[in-house]
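All remarks here apply to the structure that follows.
Because the structure is predicted, anything quoted here is derived from the model rather than measured. We count ligands from 1, going down the list as the structure has it; atoms in each ligand are counted the same way. Values below: all heavy atoms of this structure, side chains included; hydrogens, waters and symmetry mates excluded.
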Amino acid sequence: MLQGIAVSDGIGLGKVLLIRAHALVFNENRAVDPQHETGRFTKAVAAFCANTASRMRHLQQRSPSSEDSKILETHIGIANDPEMNSQVCELIESGLSAEGALNRVCNMYIAMFSDSHDELTRLRAEDIRDVRNALMHLLLGVKDTAIKDAPKGSILVAEELSPSAMADLDTERIVGLVLEKGGPASHASILARTMGLPAVCGVRGAADKLSSGDFVIVDGSRGEVISSPGEKVIAEYWQKREAQLEERRCMEHFRDRHTISADGLEYPLYCNISMPCAAGGAIESGGEGVGLFRTEYLFMNRSSPPSEEEQATAYSQALDGAAGRQVVIRTLDIGGDKNVPCLDVYKEENPFLGLRGVRWCLQNPDVFLTQLRALLRAGAGEGRDLRVMFPMISSLAELRACRQLLEKAREQLINDGKACAGSLPVGVMIETPSAAFIADHLSRETAFMSIGTNDLVGYIMACDRGNPSVSSLYDPFHPAVLRALRHIIQCGSATGTPVCVCGETASDPRLVPLYMSYGIASFSIPSGAVPRVRKTVSLWTKAEADSLSEAAGRLETAREVRELLDSAARM
Ligand code: PEP
Ligand code: MG
């Protein structure tokens, strides 16, 4: 059995699909028949173009406006580029193998384009790299394992998966996820939870220990990967899986209700979404609105950022999906582990302490203004409850600068004669220690605050939220974290500014009563967690939650707090 970190509940049974970058081994200078080599190259190009064109047709049928099909069109253009192809053929004539010639020509263009200051040219280098790799696979007869083409019942095993690769994942085909890197708050884990996909992270050496086709069991609740299970174990896990699904069905009872504590206090449950089309699903799952729309996902998997028009349509779609309920749209939060190739995000030594969230946006006001204009336009529609939230705030100056740009966006729209929202409620994410310490000031200048515990825990504990080596330090039960949360929520209560928790800890049944006791106004959680958290809230009175939080507040270590909350948990 392989042990990792439990990051997304549920049990998945299936066959391993190993996603690994192949080492492409070939002989550059072999004694060859140039005609034969040219024929191999031409055949590989033809096969590549035929495969790509068919993928393109498939994509266009599935989502006609998808940017992916444009990328594929570019790839076909690169493979057929007459200049490049004649250079490859020349090198073949001079005695190189088809692989060697292709590699040399592509590497020359990649090196040339990668150094460019122009972002689109740099992207071109990425495209050439993709095409080169695909052609190499064809020439060498290496089968590429594409996530999109995964057979039904696959368990994906990889070193790590980028958020954009995760966004491509089809849960009809993939039933579990095992990653060597990452932790509970890494974006791959968050997306796995959103998709209801059982997942285990931080499984060291998984890609070496498991092979494609192995039958494995992923227990996302215990962080275990069981390889080559015997029949008895398989039967046992099918049963466990059934029991879990049954429990989920029972929870249905809590789906369409308000979220009321045992003594009648209301704690609305909002949902975290990454795509506009998920807003409707969040409401169907029993969410009372959207508490966090992570807009950076609109910028992924494409070669240029979405236009103002496209963004306004996306935000309107989310607002329409929420049917008049509140939708908190968070402005672009890139940087850290969220890389967005279509934007000019420089590789930094220490990305989590670098240009993240509003820091990047304030230095790139054109991109920011486009988003703010789109938000104001979307907010203008009848009966819409749109709120804007700024991420990674660490000073009042940043909040004020963001507000000024929001005002500027409004003035621009008015001058352009475009309809725009009058004034939108503005809030901030509290996810840096500095924001936590000045929560009293921030609360006076905002309509709401939302605690991003995923980042806040990492920054308070000074450990990377995605690094398995320090995952034991990344602890939301640590007294320092609990003190920070209590302080922030109390600052909000003192000025009447509602505070929400939107990090993953908001759906932990052990922490929910503590947050209730601190005076939290609402929770924002993955839509799949709504029934469970609603039930937990219903099992506590404020007085009971207060006595638990008093006891927890007297404890000195994270372990003691965890033990207390484990024993007190009601589910
Ligand atoms: C957080 O930090 O808790 C949060 C919700 O933001 P993200 O996970 O998108 O960084
Ligand atoms: Mg965050």
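- For S549 and S517, the side-chain atoms include at least one donor-acceptor pair closer than 3.5 Å.
- Heavy-atom neighbours of F352 CZ from other residues, nucleotides or ligands within 6.0 Å: above the threshold of 12.
- Between T370 and V367, the closest side-chain pair of non-hydrogen atoms is not below 4.5 Å.
- Here the options are R403, R410, Q404, the test is side-chain hydrogen bond (donor to acceptor under 3.5 Å, both in side chains), and the partner is E407; only R410 passes.
- For D455, the nearest N, O or S atom to the Mg ion (ligand 2) falls under 2.8 Å.
- Inter-residue side-chain proximity for L292 and Y270 is flagged as unmet; no heavy-atom pair is nearer than 4.5 Å.
- Within the listing of ligand 1, atoms 10 (O) sit less than 4.0 angstrom from a heavy atom of R356.
- Close approach to T453 involves these atoms of ligand 1, each under 4.0 Å from a residue heavy atom: 3 (O).
- In summary, the atoms of ligand 1 found under 4.0 Å from a heavy atom of G452, numbered by their order in the structure, are 1 (C), 2 (O), 3 (O).
- Judged by distance alone, the side chain of R377 and the main-chain N or O of A312 form no donor-acceptor pair under 3.5 Å.
- Remark: ligand 1 atoms within the under-4.0 Å shell around heavy atoms of C502 are 5 (C).
- Sorting the N, O or S atoms of E431 by how far they are from the Mg ion (ligand 2) puts OE1 first.
- Side chains of R204 and S469 form a contact here, defined as non-hydrogen atoms less than 4.5 Å apart.
- Distances shorter than 4.0 angstrom occur between a heavy atom of R330 and an atom of ligand 1.
- Against a heavy-atom cut-off of under 4.0 Å, G503 is close to the following atoms of ligand 1: 3 (O).
- A salt bridge does not link D9 to R193: none of the charged side-chain nitrogens sits closer than 4.0 Å to a carboxylate oxygen.
- The R294 neighbourhood of ligand 1 comprises atoms 4 (C), 5 (C), 6 (O), 7 (P), 8 (O), 9 (O), with distances under 4.0 Å to a heavy atom of that residue.
- Contact between M389 and ligand 1 is absent, with no heavy atom of the residue lying under 4.0 Å from the ligand.
- If you look at E504 next to ligand 1, there are no close heavy atoms at all, none under 4.0 Å.
- Comment: R356 does not engage E296 in a salt bridge, judged by the lack of any side-chain N to carboxylate O separation of less than 4.0 angstrom.
- Shown in contact with E431 at under 4.0 Å from a heavy atom are these atoms of ligand 1, numbered in order with element: 1 (C), 2 (O), 6 (O).
- The ligand atoms of ligand 1 that sit less than 4.0 angstrom from a heavy atom of L292 are 5 (C).
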